[in-house]
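Letters A, B, ... are given to chains in the order of the sequence lines, protein chains preceding strands, and every chain is numbered from 1.
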Protein chains: 2
Amino acid sequence: MASPTFSPLYRQIKDLLLEGLRGGEWRPGEAIPSELELAGRFRVSQGTVRKAIDELAAENLLVRRQGKGTFVATHGEPQVRFRFLRLTPDSGEAVAAQRELLDFRRARASAELARLLELKPGEQVIMLKRRIAFDGSPVLLEEVWLPGNRFKGVTAAAVTEHQGALYNLFETEYGTRMVRAEERLKAVSADAGAAELLGVEPGHALLQVERLSFTYGDTPVEWRKGVYNTDRHYYRSELG
Amino acid sequence: MASPTFSPLYRQIKDLLLEGLRGGEWRPGEAIPSELELAGRFRVSQGTVRKAIDELAAENLLVRRQGKGTFVATHGEPQVRFRFLRLTPDSGEAVAAQRELLDFRRARASAELARLLELKPGEQVIMLKRRIAFDGSPVLLEEVWLPGNRFKGVTAAAVTEHQGALYNLFETEYGTRMVRAEERLKAVSADAGAAELLGVEPGHALLQVERLSFTYGDTPVEWRKGVYNTDRHYYRSELG
DNA sequence: GAGTGGTCTAGACCACTAG
DNA sequence: TAGTGGTCTAGACCACTCC
């Protein structure tokens, strides 16, 4: 006997909503239809729709606002921004970041990158390199790799105009919202190039961060690799 | 007008359940009463109890098992163990850890530690220092600080017998379950002592991890500070 | 078969937002 | 006042575990 793989109704509704999100039927920031309307459309009770939306809200894909509606989550809201930027100053308030674009180019995906982004080796990718400073002192150096196909028209100028708020740019211009990411951290020694750009001695201990980001449906759409100077900042991690 | 601070019924039920957990009415691993029984006891519908339990399950305080009951979460289950141990080998399977107790003593809390653990300065604390190896090579060095009051009878022998599985020891012997923790990461250079104990050169880049752990009701009950050798391992972080 | 958690419904009412 | 999400109930039935 094949396993029946029982799937409750609310999960099928959830999948339908996910399809709409993935297909761009409702874009980041927009409201989805009301619970009652969805219930009518899918021929189920409001409670069933609620449970589907509950899960999507728990996964930070939707945001409920009582009295107003349910909205597609966005990287514009401040609470969301800090879920992805884990670097915090040792003391004092968070300061605005100064982002500096050091390089921008198109290239072909290496075997390794193709594997990570689920592309064919040799497919076009976009690479950008940047330096981020807080309060005038450089703290972060990173390379960002994107599938060229999904982000066709990206230019250095567009990135600069958006002041480097990449996730915001991606969702406003491409409807691609980064939903979750996995990071791998190591402690490394600064090489000559990084030391120069971060203003530290070669050999200085730096926090190396590799990040793979996913959009709806666990599709990988961004790879980052960077180093952080943690002399005056620390990386926050919550274990729950 | 003072704000009415409306609190829904299910949240009050949740608080009652939390009290039971905190007070030790049901210990880690035990089953709590069935939903119908709780509904009867609290004079609410089953649905309201369900919603309270839903939230506690989402916070990993309770575990539901269909057909069997709802149980107080424990650090014994393998899935839970990896929520707190974020170090993963670069390649290959996770290997069992060899834990070596290097020091164990009682001391008085410094002002800084007292602040972190919400104690009075000078109150008794327990400090233990240990080294952890994977596959024979030392990888992790850490100090653990505990409030002496809550963990009165802890001895070096007890820790050794438990093979250093501290969170397991705490909950089986003291009914104290670590529910969540906050970590702060930095990259640092190995000093002479750490280098010696980890078998690396002085100045080698190490990942420094400070951890504050909490039990029910966000009560801090453990402070850790350690360094990891990340030459063959990385620290996993999930951004959601 | 009895007991547990899991799903689904229908309906009533509350809290919040906006015009 | 109308429309939205949020709470609560009562009851039916399903899926799973254990005896």
Side-chain angles (χ1 to χ4, degrees), chain A residues 1-18 20-21 25-26 29-74 77 79, chain B residues 1-18 20-21 25-26 29-74 77 79:
Chain A
M1 302 274 290
S3 96
T5 40
F6 164 73
S7 178
L9 241 189
Y10 75 83
R11 211 167 274 281
Q12 301 172 38
I13 304 299
K14 182 185 172 186
D15 288 340
L16 289 173
L17 292 174
L18 258 173
L21 289 171
E25 180 168 356
W26 315 293
E30 289 181 9
I32 68 171
S34 78
E35 295 177 353
L36 274 167
E37 185 180 335
L38 290 170
R41 180 187 304 185
F42 297 136
R43 307 308 212 84
V44 298
S45 77
Q46 185 194 4
T48 300
V49 172
R50 269 192 78 72
K51 182 138 190 177
I53 294 179
D54 276 347
E55 290 203 350
L56 293 169
E59 294 165 21
N60 298 308
L61 302 192
L62 296 176
V63 177
R64 321 184 87 131
R65 292 193 204 137
Q66 184 171 143
K68 300 180 73 172
T70 299
F71 299 79
V72 182
T74 163
E77 300 135 89
Q79 349 112 291
Chain B
M1 297 284 287
S3 97
T5 42
F6 165 72
S7 178
L9 240 189
Y10 75 84
R11 211 167 272 281
Q12 301 172 39
I13 304 298
K14 182 185 173 187
D15 287 341
L16 289 173
L17 293 174
L18 258 174
L21 289 170
E25 181 168 354
W26 314 293
E30 289 180 8
I32 68 171
S34 78
E35 295 177 353
L36 274 167
E37 185 181 335
L38 289 170
R41 181 186 303 187
F42 297 137
R43 308 307 213 84
V44 298
S45 78
Q46 186 195 4
T48 300
V49 171
R50 269 192 79 73
K51 183 137 189 179
I53 293 180
D54 277 347
E55 290 204 351
L56 292 169
E59 294 165 21
N60 298 307
L61 302 192
L62 296 176
V63 177
R64 321 183 85 134
R65 293 195 204 136
Q66 183 171 141
K68 300 180 74 173
T70 300
F71 299 78
V72 182
T74 164
E77 300 134 88
Q79 349 110 294

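Taking every side-chain heavy atom of B/Lys51 into account, D/dT7 is the closest of D/dT7, D/dT9, C/dA15. Closest approach to the A/Arg50 side chain among C/dT9, D/dG6, C/dA18 is made by D/dG6 (side chain taken as heavy atoms from C-beta onward). Comparing D/dC8, D/dG5, C/dG5 by their closest approach to the side chain of A/Thr70 singles out D/dG5. Closest contact between the side chain of A/Gln66 and the listed nucleotides C/dA18, C/dG5, D/dG5 involves D/dG5. Taking every side-chain heavy atom of A/Ser45 into account, C/dT9 is the closest of D/dA15, C/dT9, C/dA15. Comparing atom distances between the B/Pro8 side chain and each of D/dT7, C/dC8, C/dT17 picks out D/dT7 as nearest. Side-chain atoms of A/Glu35 lie closest to D/dG5 of the nucleotides D/dG5, C/dT9, D/dC8.
OP1 or OP2 of C/dT9 has at least one side-chain nitrogen or oxygen of A/Thr48 nearer than 4.0 Å. Residue A/Arg65 places none of its side-chain N or O atoms closer than 4.0 Å to OP1 or OP2 of C/dT17.
Put simply, CD on A/Gln46 is 9 Å from C1' on D/dT4, counting in whole angstrom units.
Checking C/dG19 for Watson-Crick or G-U wobble geometry (two distances, each under 3.5 Å) identifies no partner in any strand.
The closest side-chain heavy-atom distance from A/Ile53 to A/Ile32 is below 4.5 Å.
Looking at B/Leu62, B/Leu56, B/Val63 one by one, the single match for side chain to side chain contact (heavy atoms under 4.5 Å, CB included) with B/Thr70 turns out to be B/Leu62.
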